[in-house]
Structures are given as structure tokens and as C-alpha cells.
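Remarks on the structure that follows.
In the text below, chain A, chain B and the rest are named by the order of the sequence lines, each starting its count at 1.
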4 protein chains.
Amino acid sequence: MPAGTEGQPPVTSPERRRSIRSHQAILAATTQLLAEVGYTALTIEGVATRAGVGKATVYRWWPSKGALVIEAMRSALDMIPVPETGDLRRDLLAIGNGIVQTLAHTPAGAVIPALAADLMRDPEMAEQFRNQVIRPRTSAITQVLRRAADRGELPSDLDIGLLLDVYAGAVFYRVLVSGEPVTDLLAEQLVDLLLDGKAPVKPSAVAEA
Amino acid sequence: MPAGTEGQPPVTSPERRRSIRSHQAILAATTQLLAEVGYTALTIEGVATRAGVGKATVYRWWPSKGALVIEAMRSALDMIPVPETGDLRRDLLAIGNGIVQTLAHTPAGAVIPALAADLMRDPEMAEQFRNQVIRPRTSAITQVLRRAADRGELPSDLDIGLLLDVYAGAVFYRVLVSGEPVTDLLAEQLVDLLLDGKAPVKPSAVAEA
Amino acid sequence: MPAGTEGQPPVTSPERRRSIRSHQAILAATTQLLAEVGYTALTIEGVATRAGVGKATVYRWWPSKGALVIEAMRSALDMIPVPETGDLRRDLLAIGNGIVQTLAHTPAGAVIPALAADLMRDPEMAEQFRNQVIRPRTSAITQVLRRAADRGELPSDLDIGLLLDVYAGAVFYRVLVSGEPVTDLLAEQLVDLLLDGKAPVKPSAVAEA
Amino acid sequence: MPAGTEGQPPVTSPERRRSIRSHQAILAATTQLLAEVGYTALTIEGVATRAGVGKATVYRWWPSKGALVIEAMRSALDMIPVPETGDLRRDLLAIGNGIVQTLAHTPAGAVIPALAADLMRDPEMAEQFRNQVIRPRTSAITQVLRRAADRGELPSDLDIGLLLDVYAGAVFYRVLVSGEPVTDLLAEQLVDLLLDGKAPVKPSAVAEA
DNA sequence: GAGTAAACGAGACGGTACGTCGAGTCTTTTC
DNA sequence: GAAAAGACTCGACGTACCGTCTCGTTTACTC
């Protein structure tokens, strides 16, 4: 695995000999079907058929529906860029709007909670899920907050983890539980609350003011 | 349904003739099995068997697994009492700790998210879920906040809905997604944040202060 | 449940509540498919599909392919009538020709050996097979021989079992192993051998004589 | 295959370069597995694994399970020596006992019928089977009978083929279908019947006589 | 107190999907 | 340049539940 030395390409990946095409077809089929029927109604059999692949090929590479969906989500979701304006509020807003877009306007909003719930009984898979799906979505916020703390704009002993839970949790909860609309306004209100402790006021009141 | 009026005993429930005992057995079996195997692995067949009941009897009264679980949850969860100390912070803390207990230390913590995710595709059921399961858990907070707003301790145009989403969302998110421990400290930090805009600091830092 | 009282029809057959139609459809499908694809290529799945029946319904009533085929064979094969001419040779010839017809000109000829071979490892099923499929085919011979022995036309201590094995074995062996044509002449030669100890001569030689 | 000429080692088999070892390992594995699990449960995959060989290597040299088993049987079974006592009855008895031993006390007894039944649908393989497995087992009888006919001890127009079918068929049938014990007595009774037309009497009766 | 209609337990039914195994083909890597 | 290794598509295995249905058999209400 030492880079720089030319010429040991065959050794690099001893596993996965010929699977590349099937692999991608399976992930693509999974992504499509997640959007069409959702997580609960997704079946391995359906994925295999859609991908033009034997069921065993799916099971060879993924031990369960959860594992398959984790990887499909990972490869389907874009990386979230880390903004660098230096303005904490502006950065958080940018990221927040991105997350809101993803959760409110793509299938991911429906899939992620179902996936999370389904994996709760399997700690190992749950960990995978957090590492592969959640962490990439939240690391941008973490970085922005940490840099701001370094600049002194935030307390240095800030509990970034909790802040994240609050921020992400509110968005999730709206999508998943309360069913209220998730709009860009939400990101704004949350940033106000987190940064200024400004309690949110009703949208209509804001409009009137 | 008005109790107290004498004399229409046969009319009270024109449907449900002999069902009472089976009804309760089914709900009890559902509650047990939810605790034992979780929402995903819960099957109607298993519930019927455990309850000593025919499968058709379950289907006669509940159209789906979701509907059954909603009712089981409702009858299994205790009502949350609305504290009346008049001290906003104390009230919120009391409620928060109650919610934390439920989500972190009872099967409900695992069932509710799975149920929510499963119902996302069925708006009608989702509405039922919110009315029957979520709303009773959160109405105490709403009342406390509303009374405080009436007393002038909070802005009168406060967006109570969002505040709720933030509060409940953070707890949910911890249980469901981030997997971090959910303790009483969490309730405290959240109340600090919501009421004072005090950004949370790391637990260790708090101890040192 | 007190016996003696007339009119307890419902108790008579506690099993098989509603299966009659499916039952027959399954046996019919099995018989058809045996003729079309043979024993080895017969699949439970194929039978279920052809019968318009769920796979589980087949498995509910028959534990294995072998058991299913045994019953299908039994209900598909006609009983062999026991001739009563009183002439031993004529009786044996009649029966022999019947067996030859069945083995040489119906699917049974191909199915029975395969079934037999497949069941060799399962003594219980093998016994079923002999009782249900073989015995009915050979009992006519046994009866004819026994009556002849009673009349004194054959030694009273005749080993009827072995005689049967020789007779039936030769026909089977031709069909199964040696692959030679099985014609009515075979029955004749066998009767000659068994009754007179007349060693068989080549067909052509017979024609010349 | 003409032995004796030395010196054309590379030319003899232009194919099969490194195959010899694999070849033998495959045949050995087949023989072992036939004895362990029988014909039906024998799988190419199992043979390949046991032989430490790729599945494709098996398929390269044998087109089907049947072909593989035919060759394995051939190389596993000993040649049957042709006795030369000049006494017809003694010769037949010797051979008969040999066959009885093979069919009753080695895996071959279970494998041959299953193999035969399985190959019935494939005339070409069936012919191979007869040539390679059956004929070597029966040619000794044929030779003995033919010599006896030449000596005038048997009719010159004897239908040796049928006699063989009767002899072998009876033994087969006992093993495969009737399930009765196959002992040396059987060979004796059969020889009596074939040579003398002496109808078989029950063993116990024999003992009493 | 008998008659009757519903709800009941039981579980068979036609299906779908499960996760596994083997068939027979094909490709890559090793010797 | 054949052979090991094993991934591939395909199809059947036998099982579990689905949601519907048909059975007798209780009840609980009517008359």
C-alpha cells in the first residue's frame, strides 16, 4: 500500500475481483428504489432484479438491507462543502440550508430516519451508519464551530457535540415526527437561537415586525 | 361517550361486542413483544399467538401493525403530569427529565423512532401517531411555555412549536442517531440554551467551574 | 364424542378442512409434470405454480418431493385387475403384459425407478413407496400364484416373493439398465422360464422354428 | 493406449498437461462422497472442494454429474474374474456371489440404480453407463454362458441377453425396490431356476428338507 | 330459555420475500 | 497455457408472515 512505488496494482485490492459493474448496478438500483418505495418496502429481491443481478451477489457483498442502504446513501449523497467566509453566522446558515435541502427535498429525508431506527438494535451497524452517513453530513458544522472557537468567537469549552445534536435534531424531528414544513427559515431561527440565545418567534410575527 | 348518563348500556359500544378481553390481551401482547423484539421484528402473527387470539381478530380491529402499535404505546405510556410550580425553569427541567427517562430507559425510546419512520409514507397514520403518541408527551411542555408567555416571562409571539422541536428533537436525535448517552444533564443544558441562550459547555468544563 | 350416537360427521376428519380442490390440483400438476420433465427435474415450485397454489400449501400436506410423487403415482395408476381364468399361464401372461405396458409405454416406467433410487436413503419413505406404488402393482401376481399353489399347480412351499422379484426385476432391469426393448414377448419368455424352466431362446430362433 | 512403446511421453496426451493429479483427486473425491452421501446428494461443488480443485476443472473434463460418477465407478470397481472350472453351475454361482457382494455390501449397490434412473433421460449417457459400468460386471456371465453353449451344455440359440436380464434384474430389484435382504442364497436360487427350471422354494422349507 | 347472529380461535389459503445452496459459465491470477 | 480460485446469473430450496378466507364454537343479545 505504500504510494509512490509504481506497478503493484493487482495487489491493491485482493477482494472484489470482477464485481465493479454489478456493484455499481446494485447501488444504483438501491438508490432508485429507495426513492420510489422507501426503506421499509425495499427488498433485496427487488434490488437484485432491478440491478439485473443474482440475489446471491447482493448477499455476497452486503450482509443486510441496512448495510446495503448505508453504502447506497453514502455514494448518493454529495459531500457538503465547508464554507470559508470567516463569518460564523453566514457559514452556519449556508450549511444549515444545505442540510435542510437534503432532508426536506430528497428521498434521504425519509430514508435516513427509517434506516436509523432499523439499525438501533444492531450496535455495529449503527456505528457504521453514523460514520458513513451522518458524520460526513455534520463534519462541516463541526469544523466551522471549531474554527470559530479557535478564533475566540465561541467559548473554547463549547460542547460542540450537543450543539450539533440540537441543530440536526431539530431538523430531523421536524421531518420525522412533527411533520411541520422544513424551510430555510428554520435554519435561520436555529442559528439565531444557538448563537444569540434569541428565542424563536412565530414566522407571522416576524413578517409583521 | 358521556359517562354518568344511566340506561344506555347496550348502546355504548355497538361494535365490539365480546372483544374487551381479546382487545386487552392483544395490546398487552403487543407491548410485551415491542419490548422483546422491537418494532421491526414485531409481527401480527406473533402478537396473535402471544395473545391467544386468532389473527383475524387483530385485523378486525386494527388495519396495520402501525395502528396497533400506536394504540399499544398510548395505553402503555403514562400521562406526563404538568408541573405547576410557577417557576419556568424548574417546570421545564421536571418535564425534560421525564422525557429523558422515557426515551432513554424504556422500550419506547427504540419503538417511537421506528414507528415514526415506518409511518412516514402514510400521512393519515402519521397524523394519528402524532396525535396519540407524540402530542400527549409534549403537551405538558406546551402548556408550561404558554403559561409562562401569559405571565410575561417569555415573548408573547414565541414560536412554541419550534422550541418544542428543538427540545424534543435534540433528545430524539441523541437516542436515534448520534447514539450519545442521554442523561439528566442533557435536559439541563437544553433548558439553559432555550431560556438563556447559554451555549452549552462540555460537562468536564462545568465540573471545573 | 361419545361413539354410538349417529351423526358426528364433523369429528370424522379433523384434518384437511378445505383442501380438497387444491389437493387434487396439486396431484394433477404433479402427474402432468412427471410426464413432461421426469422425476429429477420435477420441482415443488413448479408443481405449485402449475397447480395455481402457494408453495406452502404443498409443503403443508407433503413433506418432500418423494412423498408427493408417491401419492401422485398411486392416484394416477389404475388398479391392475386380477384375472380369474383358472389357467395359471394365461393369468400370468395377462398380468405380465399389463405391467409391461405400464413400464414401457407410460411415464411410470421412467418415474418409478428414479423414485425408488431417490428414496433408498430414507427407509420410511421407501416403505411407503413399496406399500403404495409397488405392492398394488404386484399383488395381482401374488394372488394368482397363491391360488395356483392352493390348487396344487405349484409347490406349496414356493418362494412367491423371489418369483416376483425375478419377474418384476427382469422387466425393470430391461427398462432401467439394459435399455433393451420391452415387448409382450418378454412376458411370454419369462412365464416360460418361471413355469417350465424353459431357458429362453433368441427371438429370431423362435421365428425360424 | 498400446503400452510397451516407450518415448512418446509428451505426445501421448497433448491435452491434460498438469491434469493428472487433479484428475485423480477428483475421481477419488467422487468415490468417497458417493459412499458418504450417495448419488442424489453428491454435488459437483462438493467434489471440487473435497478434491481441492476449482469447479471449472471438473466441468472441463466431465460434462455432468452422471459422467463423472460413471468414470468414478469404473475405476473404483474391481474387474470380475472369469472362473474357468468348466462346471457351469459352479462358475455361475461364483460370479453370482461376486455380484451379490458388490450390490449388497458396497456403496455401488445404492449408486448404480440411482445413476441408472438419473441417466434414463439422456440416451447417450445411458449408453456410456451400460458400456462402462454394467457391461464389465456382466461380461463374465456372458462368457461363461457362451462357453457352456459352445460345449453343448446349453441350447445354442439361448437368449443370453434375457438370461442376464433375469439374473441381474432380480438382484437389482431386491436391492432397489423390494428391499428384501440380498444373500448368497439368492444366487443359488437363481442358478437353480435358470439352469433347471426349478422353482424357488422358501428358505425355511429348504432348511427343513 | 331458546334462537340467532356476531365475534371468536384456529388455521388453510395464494402470495411475496427471506437467506442459502448448487448449477453451469466466465474471468482473473498463479504456477 | 492450463489450472486454482472464485465471482457471476439463475433458479429452487424450505420457512416465515402477509392479509384474506372459511370453518365450527362460543357467547350475548333478542324475543
Side-chain angles (χ1 to χ4, degrees), chain A residues 10-11 14-23 41-49 51-61 63-65, chain B residues 9-10 14-23 25 41-49 51-61 63-65, chain C residues 9-11 14-23 25 41-49 51-61 63-65, chain D residues 14-19 21-23 41-49 51-61 63-65:
Chain A
V11 183
E15 60 145 9
R16 287 195 192 173
R17 292 244 289 238
R18 166 167 75 151
S19 52
I20 311 97
R21 226 199 41 189
S22 300
H23 224 85
L42 183 85
T43 66
I44 300 279
E45 198 134 20
V47 170
T49 300
V53 141
K55 226 187 336 174
T57 302
V58 181
Y59 281 109
R60 196 190 318 280
W61 300 110
S64 65
K65 182 162 91 167
Chain B
E15 48 153 16
R16 296 199 186 177
R17 289 239 306 219
R18 187 168 42 150
S19 56
I20 311 96
R21 225 197 41 192
S22 301
H23 223 86
L42 183 86
T43 66
I44 300 280
E45 198 134 19
V47 169
T49 301
V53 142
K55 232 190 329 178
T57 303
V58 181
Y59 281 107
R60 196 188 319 276
W61 302 110
S64 66
K65 181 163 92 167
Chain C
V11 182
E15 60 146 9
R16 287 195 193 175
R17 292 245 288 238
R18 166 166 76 150
S19 52
I20 311 98
R21 226 199 42 190
S22 301
H23 224 85
L42 182 87
T43 66
I44 300 278
E45 199 135 19
V47 168
T49 301
V53 142
K55 224 185 340 173
T57 302
V58 181
Y59 281 109
R60 197 187 323 276
W61 301 109
S64 65
K65 182 163 89 168
Chain D
E15 47 154 16
R16 299 198 185 178
R17 284 242 308 218
R18 189 169 40 152
S19 58
R21 228 198 37 194
S22 301
H23 224 85
L42 182 87
T43 65
I44 300 280
E45 198 136 19
V47 168
T49 302
V53 142
K55 233 191 327 179
T57 304
V58 180
Y59 280 107
R60 195 189 318 278
W61 302 110
S64 66
K65 181 163 90 169

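An OP1 or OP2 oxygen of F:dA7 is reached within less than 4.0 angstrom by no side-chain nitrogen or oxygen of A:S22. Residue D:R60 places at least one side-chain N or O closer than 4.0 Å to OP1 or OP2 of F:dA3. Taking side-chain N and O atoms only, A:W61 has no distance below 4.0 Å to OP1 or OP2 of F:dG6. Contact between the side-chain N/O atoms of B:T57 and the OP1/OP2 oxygens of E:dG9 is found at a separation under 4.0 Å.
Contact record, C:A51 with C:A25: CB-O, 3.6 Å, taken as the closest heavy-atom pair. Contact detail for C:K55 and C:I44: the closest heavy-atom pair is CG-CG2, 4.2 Å.
Summary of the strand contacts: C:G54 and B:G52 both lie near DNA chain E, and taking for each the nucleotide with the nearest heavy atom, the more 5' one is attributed to B:G52.
Rounded to 10 degrees, the angle separating the terminal axes of the helix from E:dG1-F:dC31 to E:dC31-F:dG1 is 10°, with each axis obtained from five end pairs.
When rounded to the nearest whole Å, the span between NE2 of D:H23 and C1' of F:dA4 equals 17 Å.
The side-chain contact (heavy atoms from CB on, under 4.5 Å) test applied to B:T49 returns no partner, not counting sequence neighbours.
Summarising the geometry, atom CZ belonging to C:R60 is positioned 5.0 Å from atom OG1 belonging to C:T57; distances are rounded to the nearest 0.5 Å.
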Grab the N/O contacts between the protein and nucleotides 16-18 of chain F below 3.5 Å, and write none if there aren't any.
residue	atom	partner	partner atom	Å
F:dC18	OP1	B:I44	N	3.0
F:dC18	OP2	B:I44	N	3.4
F:dC18	OP2	B:E45	N	2.9

